[in-house]
Number of protein chains: 2
Amino acid sequence: MGIMLVDDPAHDGETKRGPGGPRTQVKEGGGSDTCEVTYTDPEAVAQVRKKLIDSDLAHELAGLFQVMADATRLRIVSLLAERELCVCDIAAALEMTQSAVSHQLRVLRMMQLVKFRRQGRMAYYSLDDDHVLKLYTQGLDHLGHTSGGATGPEKER
Amino acid sequence: MGIMLVDDPAHDGETKRGPGGPRTQVKEGGGSDTCEVTYTDPEAVAQVRKKLIDSDLAHELAGLFQVMADATRLRIVSLLAERELCVCDIAAALEMTQSAVSHQLRVLRMMQLVKFRRQGRMAYYSLDDDHVLKLYTQGLDHLGHTSGGATGPEKER
DNA sequence: TTAATATATGAACGTTCGTTCAAGTATTCA
DNA sequence: TGAATACTTGAACGAACGTTCATATATTAA
């Protein structure tokens, strides 16, 4: 992750502001080049900082979306949305190796998107709750609303 | 991406099934080791295959979640949920460099999660639509429902 | 017991990702 | 015009990811 900047919410002592105009330039710190922070609108910064999501929570949430951010795992979710399946059949439906599928199921399991039960030597997987499906369909919804061509993101340059 | 397995939906000719029992072993292909597919329950596989999300769509959806799968970008979203902001103030609120923020805004922009308007030399960013926020809050919802300790995913071994 | 099956997992390999650094554009001010 | 500002972008570097391969565990069948 490299040298992450500090995420101190109780940091407002530094928020010196200009004479009164809304367009003020303020350099933070004495002049250390580790973090070049230039306030353009100190009031706006102060306002949104209160609503800024906690850094730890942001990382946790990012982890959840990360789990959803893989085509293989999404395809697994689309299968499990239909019915409970054993690893073997998921691999068959996806035409992938059991190993690859098992690795991905582990990821889904660790973020509690799927659960499983053992029966003999097989493991039957299913979706853990409907939050997963909500996220899934909400995501599809977004694609439907934004995509003109849908194949790729906006090509701009 | 390495040697990806074929994702041919019209592939059911291969679905030979056993005498009648639900527990049948079927090897696909003559014996090529490129794709070891062992059907345990051919009916289940055939059933869920119909509902299997298209591979291209899965990749597209994965791309959307990918964009949401970063703490910095989520923190930006949490700021823009409050109000429109220029790059400079986002950087200030996050205590990150403008460069890093600009790179991430580009990612959000390309997936059409944020839009921006130019005013003089500044660029004011805002959320593109409320789908983004829905995904965001839905994600937080999921965390609230699953996390006992919430800090990390299920520790299992 | 041995062999086969169903799944899990560690290491490795190539790819992707997010940040930093060093430019580069475009606008404003003197 | 030249300097400063606001933002963008390409290259590079280390970290993280997804698959493959080989192996390990556990259950069932012979």
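Values in this document were obtained by computation on a predicted structure and should not be read as measured data. So that the names make sense, note that chain A is the first sequence line, chain B the second, and so on, each numbered from 1.
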Answer yes if the side chains of A/R49 and A/Q47 hold a donor-acceptor pair under 3.5 Å, and no otherwise. no
Between C1' on D/dT5 and CG on B/D89, what's the gap in Å once rounded to a whole number? 14 Å
What does B/A100 touch in the nucleic acid at a heavy-atom separation under 4.0 angstrom: a base, only the sugar-phosphate, or nothing? base
Would you say the side-chain atoms of B/Y125 and B/R109 include a donor-acceptor pair closer than 3.5 Å? yes
Should the side chain of B/S99 and the base of C/dC21 be counted as holding a donor-acceptor pair, with the cut-off at 3.5 Å? yes
Do B/R106 and B/Q104 have a side chain donor and acceptor closer than 3.5 Å? no
Whole angstrom value for the distance that separates C1' of C/dT19 from CD of B/E95: 16 Å
Could you state the atom-to-atom distance from CD1 of A/I76 to P of D/dT19 in whole Å? 8 Å
Given that B/V87 and A/V107 both sit by DNA chain D, which one's nearest nucleotide is further toward the 5' end? B/V87
To the nearest Å, give me how far apart CG (B/L108) and P (C/dC17) are. 14 Å
Taking only side-chain nitrogens and oxygens of A/R109, does any of them come within less than 4.0 Å of OP1 or OP2 of C/dT9? yes
For atom CD of A/Q98 and atom P of D/dA24, their distance in whole Å: 18 Å
Rounded distance (Å) that lies between atom C1' of C/dT19 and atom CG of B/D70: 10 Å
DNA chain C: A/L105 or B/Q104, which has the more 5' nearest nucleotide? A/L105
Euclidean distance, atom CE of residue A/M110 to atom P of D/dG18 [Å, nearest integer]: 10 Å
Taking 4.0 Å as the cut-off, does a side-chain nitrogen or oxygen of A/R106 come that near to OP1 or OP2 on C/dT9? yes
Whether the side chain of B/S126 engages the backbone of B/E84 through a donor-acceptor N/O pair (distance < 3.5 Å, no angle test) should be reported. no
Measure the distance from CD on B/Q66 to P on D/dC17 and round it to the nearest whole Å. 10 Å
Distance test, side-chain N/O of A/R118 to OP1/OP2 of D/dT27, below 4.0 Å: no
Taking 4.0 angstrom as the limit, do B/E82 and A/K50 come out as a salt bridge? no
So if I take every side-chain heavy atom of A/R121 and compare against C/dT7, C/dT27, D/dA29, which nucleotide ends up nearest? D/dA29
Under the criterion of centre distance below 5.5 Å and interplanar angle below 30°, is A/H103 classified as stacked on the base of C/dT9? yes
A/Y125 side-chain N/O to C/dA8 phosphate OP1/OP2 under 4.0 Å: yes
OP1, OP2 of D/dT20 versus side-chain N and O of A/T97: anything below 4.0 Å? yes
